[in-house]
> 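Sharing a structure below in structure tokens format, with a few things to ask.
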Amino acid sequence: MKGAEILIQGTVQGVGFRPFVYNLAARFAISGSVANTGRGVFIQAAGAELSSFLAALENEPPPLAEILTIEVREAEFAAEPGQFRIIRSDAGQKLSATIPPDIAACKDCYQDFTSPDNFRYKYPFTNCTNCGPRFTIVEGIPYDRQETSMRAFKMCSACQTEYEDPANRRFHAQPNACPACGPQLGWHDQNGQIPCDDPLAKAAAALKDGKVLAIRGLGGFHLAVNALSAEAVQTLRERKGRPAKPLAVMAASLATARKFAQISREDEQLMLSPQCPIVLAPKKQPFLLPENLAPGVRELGIMLPYTPLHHLLFCHDDCPELLVMTSGNLSGIPICTGNDDGVEKLGRVADNFLLHNREIVTRIDDSVVKNVNAKPMVYRRARGYVPSPLVSYWQLPQLIACGGGLKSTFCLARDKQIFPSQHIGDLANLESFEFYLESIRHFKKLLNIDPALAVCDLHPDYMSSRYAQELDLPLYKVQHHHAHAAAVMAEHGISSQVLAIVLDGTGYGTDQTSWGGEILQCSLTEFNRLGHLANFMLPGGDAAAREPWRAALSLLHHSGISRLPETLKAIGGEKIKPVQAMLKNAFNSPLTSSCGRLFDGISSLLGICQQNSYEGQAAVELEYLASQAAVSNWTDELDLYMKKTAPPCGKEINSAKFVKTVLDLIGKGTTVSDVALYFHFMVIDRFSKFAARLAGETGIGQVVLAGGCFQNSLLLQGFIHALRQRGLEPLTGSKIPVNDGGISVGQAVIGGLKYVHSVTDESNQG
Ligand code: ZN
Ligand code: ZN
Ligand code: FE
């Protein structure tokens, strides 16, 4: 039969693509077949309406499918006229298809598990082709039940019938299950399983009683308590050793979420999206929740139920309408996934355990997203997004980019696709590093990528850099802040020269000092450091990241101020004096241009935060106070301020001016909030005017904003405003985190293109 062979690549497996093709074939009277292959979905098609069929393939894909490429070629093949077949998966071909991410329960499934007359009524593992677990249960490809942890469950005849019926919503839904044949819940305490008819009812009652629960979910464990109870929240904090870090919550419904947070239209869209991330939304004032839930911060991290288990838990009358749902891990180590592991590690934290027997193959945290200026910014790219590829604007060789140190991710890339891993965490921790190694192995296998080169950070002591060095591959080392900038450029498809303002915690510089307040001019393969925050000492090195008052003392030292403000006197002479001596002798005090440490220091000088119990605490609390002073027309105030200042000259931005002004204002009795906002104005003013000056000198109008400090949305909005006022085009990350979670993407593009250039150069010379 004469017709066409079609290969479709992208996220096209496990998303109901074959039934979609089957139904299209029926609609246009197409004969032939469709198959899932290792390379993607492969179709043989013949018929009079072939072109309409092709157009519909492209234009009407199922909601979760993401088509990256469609290749069509004329072909002759054997097929019965009038017949269109779905062919079994073929594991023999070259494997390079993609696995879909895990998707929140769909509306139809919600109907099924909440309808008393449905045979999946109250069944917490209901799913279909449009929703359910994917990446977390996949062991290998092609994506087929045999290659998932659902292999352990044999479908009953009812499930099997659905699975085989192309007209059914569960046609080839690999995790298809029902109460008769699928995974089950169990109710446990530290000593083992407690027999009971309804574990969810027990869980709801325990939560009502203020108990701490460990709930085994989709990508790992959550620790859950009643978010309306200050006492329950406090118990969780004490047992988990997490004194202040804001806790994420899950709301029974959007209506509940609205009681406690200001949910914008964009927030609502995100919360109801198939990815169902944690959304950072401003707390609603007056704030009706316990103060210890998210102390000292502007936003509440809030999400909606995303598995049938969550929905069914909230269906119980006993269940509080808002639950803390925080990662089920011990401080600093990855979330637990296995039943035994969870019970062992969380045994001292949780009173009870809600477990199940569907194994989690791949661990994944909840994603975190915030809307800034009505545009989503992904802070943590994990569940719902990973392992979907990002489209690269450039052809890349097969490579691995190893990422950074904290908030680590790695990337694999091939052709025009970049595959960032899920958020992995601080690699200095052994368990996290093992998770990193295991994830790299898994990604390489799933994506069938055999890297021809490796890319890593310039920092020789990052575990990711050490790993890269041992790979025996051509290695490209990328400066941390260049990688931050390149991640944003990659997202926008920009390969020309840009200016970049990178405000960050820390990154290893080419001069071996720690950078973090940088103005670069860069392309995707080269960068030039044109300006930076003037270096200051960090007495005690890493200790300064935990104790903001160390940075404050250093800032005073460099500003030539010897009189301690009241806020620092409170720390006590026995702590202060040795650190002052270190500064005087420049002993154990590495130099840095870090903007993150500057924010720490100012937060300390203002008496806001003297101890970071989590990364970025001092800066986050500083932003919160500043935002309280930032009334609706605050950008007008910013403009007024910027009219009064002279443009910067030289190469360095000196923080002495910031420090002196802050102390002056405190002395005059200005409120801490007002000073905090004024400090933001000063930083925005200096850096954006610096960039404007460089724009005039270089003719470059695009200014990338990157680095962890831009998680501060007041700072980001101020910069965007100030740069636009100067006729410049600010660019920042949306899909790729601006924090260290994004640097592997920047590395992938920089290293990949350098490699391509070097290979081309060699062949030209040869
Ligand atoms: Zn569904
Ligand atoms: Zn069944
Ligand atoms: Fe960074």
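Just so you know, ligand 1 is whichever comes first in the structure, and atom 1 is the first atom listed for that ligand.
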> Salt bridge check, Arg216 against Glu359: does any charged N sit closer than 4.0 Å to a carboxylate O?
yes
> Checking side-chain hydrogen bond (donor to acceptor under 3.5 Å, both in side chains) against Ser593, which of Glu518, His481, His532 comes through?
Glu518
> Please work out whether the ring planes of Tyr436 and Tyr467 are parallel, tilted or perpendicular, with thresholds of 30° and 60°.
perpendicular
> Are Tyr508 and Tyr462, when compared by the centres of their aromatic rings, separated by less than 6.0 Å?
no
> Please work out the angle at the Fe ion (ligand 3) defined by atom OD1 of Asp504 on one side and atom OD1 of Asp740 on the other, rounded to 10°.
110°
> Please name the residue in the list Arg358, Gln174, Arg151 that meets the side chain to side chain contact (heavy atoms under 4.5 Å, CB included) test with Ile137.
Arg358
> Between Leu280, Val738, Leu716, which is the residue that forms a side chain to side chain contact (heavy atoms under 4.5 Å, CB included) with Gln711?
Val738
> Identify whether NZ of Lys or CZ of Arg in Arg383 sits under 6.0 Å from the centre of the six-membered ring of Tyr306 and within 45° of that ring's axis.
yes
> Could you confirm whether His480 has any N/O/S atom lying under 2.8 Å from the Fe ion (ligand 3)?
yes
> List nothing but the number: protein N/O/S atoms under 2.8 Å from the Zn ion (ligand 2).
4
> Calculate, to the nearest 0.5 Å, the distance between atoms CE and OG belonging to Met303 and Ser367 respectively.
10.0 Å
> Below 30° counts as parallel, above 60° as perpendicular, anything between as tilted: where do the rings of Tyr110 and Phe113 land?
perpendicular
> Is it true that Glu162 and Arg120 have a side-chain N and a carboxylate O under 4.0 angstrom from each other?
yes
> Tell me, which protein N/O/S atoms are under 2.8 Å away from the Zn ion (ligand 1)?
Cys106 SG, Cys109 SG, Cys128 SG, Cys131 SG
